[in-house]
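Note: hydrogens, waters and symmetry copies are ignored here, and every other heavy atom, side chains too, is used.
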Amino acid sequence: MLLLINIVAFFIIALIMFLIRYENNVNIVFIFILTFIISSLTSMYEPTFSASLPVIVPKKNLISMNNIFNIIGSIIGLIGPAVAGIIIGIYGAWMCIIINGISYLLSFIVILFIKSDLAVINNKEESIKKDLYIVKKYVYENKWFLFCLLVTAAVYISTGSIGSVLQFLFLHYLHLSGFMFGFTFVLFEFIPVLLVGLFSSKILKRFDSILIIQITASLFCLSLLIMGVSLNYFLIVLMGMLQNASFALLMVAWNSKRQSEIPNNILGKINGGIVTIQSFLLPVGSLSSTALINFISVPKIISIF
């Protein structure tokens, strides 16, 4: 799966580049279809990669590995757009697309050298009906999983809401602009995730994952409530940092708990379902909060969520 996702994405980007380069009348709808396929492949990559970790990495190192991916993800999320802007300014947008295609190819090559018999996990053909039955049975027999799923679902809805109304809060309530707008987002997102990445291994090894999920979800809730009742810039930044730190730690605990507890033969299927649910809940929170802006103030929306 990992190899196929990377190589297909590489060839689709190569096809896009070929069409733009040599075809004069390329239908934009066709380009949208190809980019939709790439996005679909990317959404498939996360649950597949997550399911492969327990086979590639010893279970005692899972928390550390999730931390590393969390830190790298936050760094790339901060640096990536800046680097892309520089490349576009110097070489043009198509250079970014070429680099994107090369990254898929490099990923394909790296995965080829991973020494692990991942094929052993899924050596039997199974129907979707049977897959659903296995997952349903596991959820029914493991109440901790259902509890964590409901908690993280609520957090994802709130995250979608905050991501949608935060800019309204900054622009129309705090009147931020220019440097302060960008600087605030760095304080909100990069620093908390980096700190969580540095210290979460020790926290997760010392405390039970379920307890951490309960505490971080509570802190997430508390940060939103305080953010909703105060328009003090420093307090909002502090609560925003607490919100993102608690969310990051919750996700590391949730991922590590699943990888350590769920059998490998159904881990990929469950992860795929979780990614689907999360992908659905983010826009639900976003659309709900955006609709409410017409009727109530942004601070009240944050408090409600």
Side-chain angles (χ1 to χ4, degrees), residues 1-5 39-67 69-70 111 114 116-160 200 204-205 207-218 220-221 246-285:
M1 280 288 292
L2 293 172
L3 290 169
L4 282 172
I5 289 168
S39 298
S40 301
L41 290 169
T42 304
S43 67
M44 291 166 61
Y45 194 92
E46 183 181 341
T48 309
F49 180 77
S50 182
S52 72
L53 271 184
V55 184
I56 299 170
V57 180
K59 294 215 171 189
K60 62 180 182 179
N61 296 331
L62 279 174
I63 294 173
S64 299
M65 288 298 101
N66 282 317
N67 278 335
F69 295 130
N70 217 29
I111 293 168
I114 293 177
S116 180
D117 191 5
L118 295 175
V120 171
I121 298 174
N122 298 307
N123 55 2
K124 296 179 182 179
E125 291 187 7
E126 297 177 350
S127 65
I128 294 175
K129 185 178 180 180
K130 188 175 180 181
D131 287 347
L132 292 173
Y133 172 76
I134 293 171
V135 171
K136 181 181 177 182
K137 183 181 178 183
Y138 183 84
V139 172
Y140 180 77
E141 293 175 351
N142 294 271
K143 299 302 180 185
W144 69 266
F145 177 81
L146 182 60
F147 170 77
C148 293
L149 186 63
L150 292 173
V151 169
T152 53
V155 170
Y156 259 85
I157 291 175
S158 299
T159 302
S200 57
L204 288 167
K205 288 175 182 177
F207 300 100
D208 178 67
S209 295
I210 303 294
L211 178 62
I212 291 172
I213 289 171
Q214 289 175 314
I215 293 172
T216 51
S218 300
F220 184 93
C221 174
S246 58
F247 179 80
L249 185 56
L250 187 151
M251 286 298 108
V252 173
W254 177 220
N255 290 335
S256 300
K257 181 69 175 177
R258 294 201 316 271
Q259 291 166 348
S260 60
E261 296 289 339
I262 300 174
N264 288 334
N265 65 312
I266 62 171
L267 180 59
K269 298 159 190 174
I270 289 177
N271 282 341
I274 289 170
V275 170
T276 302
I277 292 169
Q278 291 172 349
S279 300
F280 173 75
L281 292 176
L282 282 174
V284 166

Worksheet item: Passes side chain to side chain contact (heavy atoms under 4.5 Å, CB included), Tyr156 versus Ile277? Steps please.
Response: CA-CA 9 Å; Tyr156 259 85; Ile277 292 169; over 6 Å; no
Practice prompt. Please report the closest heavy-atom contact between Trp144 and Glu261, naming both atoms and the distance.
Written response: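 Closest approach of Trp144 to Glu261: CZ2-CB, 3.6 Å.
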Say you draw a straight line from [atom1] of [X] to [atom2] of [Y]; how long is it, rounded to the nearest 0.5 Å?
X	Y	atom1	atom2	answer
Thr216	Leu249	OG1	CG	5.5 Å
Ile5	Leu41	CD1	CG	6.5 Å
Met251	Ile213	CE	CD1	8.0 Å
Leu281	Ile274	CG	CD1	11.5 Å
Leu250	Asn255	CG	CG	9.5 Å
Phe207	Gln214	CZ	CD	13.5 Å

Practice prompt. May I have the step-by-step check of side chain to side chain contact (heavy atoms under 4.5 Å, CB included) for Phe147 and Ile210, ending in yes or no?
Written response: CA-CA 9 Å; Phe147 170 77; Ile210 303 294; 4.3 Å; yes
Worksheet item: Is the charged tip of Lys143 near the ring of Tyr140: under 6.0 Å from the six-membered ring centre and within 45° of its axis?
Response: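 Output yes; distance and angle both within limits.
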Item to complete: Anything under 30° is parallel, anything over 60° is perpendicular, the rest tilted; go ahead and classify Phe145 against Trp254.
Response: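 The rings of Phe145 and Trp254 sit tilted, inter-plane angle from 30° to 60°.
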Fill in: Test item: Lys257 and Ile212 side chains (from C-beta on) under 4.5 Å apart, heavy atoms
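The answer is no, as the side chains (C-beta and beyond) never meet within the 4.5 Å cut-off.
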